[in-house]
Amino acid sequence: MRRGRLLYVPFWATYVFLYLPIVVLVVMSFNSGDSAYTFDGFSLKWYGELAGDERVRDGLVNTLIVAAGSTVIATVLGTLLAVGLARHTRSKALDAIALMPAVLPDLVLAIGLLVFYGVIQLTLGLYSVVLAHGLFSMAFVAAVVRTRLSGADTSLEEASRDLGAGPVATFVRITLPQLAPGIVAGALLAFTLSLDEFVIAYFTIGNSEQTLPIVIYSMIRFGVTPKINALAAILLLVSFTAVIAGQRLTRIGEREPNRTPGEPRVDTRVQGAADSTIRMESRAQD
């Protein structure tokens with residue numbers, strides 16, 4: 001029994017090592033003093049100063065523009081890529097190529113995109129970051145949607161084609177509703193990745209604009225302040241919310257893999273009680 005409890009020691013030690021710095025950062029964001037390392041009392045003044053910082057506001061607007069645009073691109077292309085790989089092409093080589101942006105180091109991908117933009121003579125700006133983040137996040141969306149595809153009911157698609165529906169109508173009316181939880185989860189993941197991404201944005205944005213991670217980097221070059229802690233706490237809250245929402249949507253999709261799109265959800269306990277009642281009534285009649 002004691003040996004079994006000892007196995008939990010490295011487990012909880014790992015969690016403490018990962019999340020204790022985050023807890024300290026959030027607590028220090030409410031510091032009333034000017035030091036980022038000494039807690040002098042509870043205060044919300046640094047969050048108020050964030051609202052009045054024009055540079056932070058501009059960085060936040062740019063980040064939201066980039067995250068929204070790249071999420072749309074990554075969700076559309078990632079979903080089509082997942083369907084194509086799962087339904088129409090069975091090739092391990094193409095699978096590896098499709099997931100390569102998620103495996104490559106961010107620095108390598110950023111330098112490659114910068115060289116590519118230079119070759120095609122594309123002026124750097126927010127749109128170049130949107131394209132770069134869309135490419136980077138597309139692999140993650142494809143992986144999430146493909147996981148959802150593995151549990152989808154293919155008999156509905158076959159029935160739709162047997163009844164005369166074309167490939168586009170079958171995809172829109174049958175496949176897409178079944179993939180909706182995975183698509184939304186992938187979109188939330190893409191949004192979170194773009195929101196926090198620094199390396200690719202730093203190499204592909206140029207000198208005219210700045211995203212919020214780049215603003216934070218330029219601020220910490222002169223030392224960490226409680227204002228930076230407050231900004232990091234807000235980003236953590238947004239990221240955690242998106243990740244938890246995506247996880248919940250994925251679980252909802254896994255619980256109902258064979259439910260027909262548009263069919264109401266049926267509580268299994270109620271359905272089981274109804275089946276038992278029917279069996280009892282049939283026995284009484286016999």
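- The environment of CZ in Phe39 is crowded: more than 12 heavy-atom neighbours from other residues, nucleotides or ligands sit within 6.0 Å.
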Checking side-chain contact (heavy atoms from CB on, under 4.5 Å) for the pair Ile183/Val144: CA distance, chi angles, key distance, verdict? CA-CA 8 Å; Ile183 293 174; Val144 174; over 6 Å; no
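- A donor-acceptor pair under 3.5 Å is formed between the side chain of Arg148 and the backbone N or O of Gln178.
- By the side-chain hydrogen bond (donor to acceptor under 3.5 Å, both in side chains) test, Arg57 is found to be paired with no residue, residues two or more places apart in sequence or in another chain being considered.
- Evaluation of the side-chain hydrogen bond (donor to acceptor under 3.5 Å, both in side chains) test over residues 189-199, restricted to residues two or more places apart or in two chains, returns Ser70-Ser194, His133-Ser194, His133-Glu197, Asp196-Ser239.
- Hydrophobic cluster of Ile65: the remaining members, joined at side-chain heavy-atom separations below 4.5 Å, are Val61, listed by chain and number.
- Cluster partners of Leu104, by chain and number: Met100. The rule joins Ile, Leu, Val, Met, Phe, Trp and Tyr whenever side-chain heavy atoms lie under 4.5 Å apart.
- Taking all atoms of both residues into account, the shortest heavy-atom contact from Ala142 to Ala82 is O-CB, 3.5 Å.
- Atom CZ of Phe42 sits in a crowded spot, with more than 12 heavy atoms from other residues, nucleotides or ligands closer than 6.0 Å.
- Among residues at least two apart or in separate chains, there is no side-chain hydrogen bond (donor to acceptor under 3.5 Å, both in side chains) pair with a member in residues 72-81.
- Between Phe30 and Tyr47, the distance separating the two ring centers is shorter than 6.0 angstrom.
- Note: Asp58 CG to Asn62 CG = 6.5 Å, rounded to the nearest 0.5 Å.
- The list of side-chain hydrogen bond (donor to acceptor under 3.5 Å, both in side chains) pairs with a residue in residues 103-131, not counting sequence neighbours, is empty.
- Under a 3.5 Å cut-off, the side chain of Asp40 and the backbone N or O of Ser32 do not form any donor-acceptor pair.
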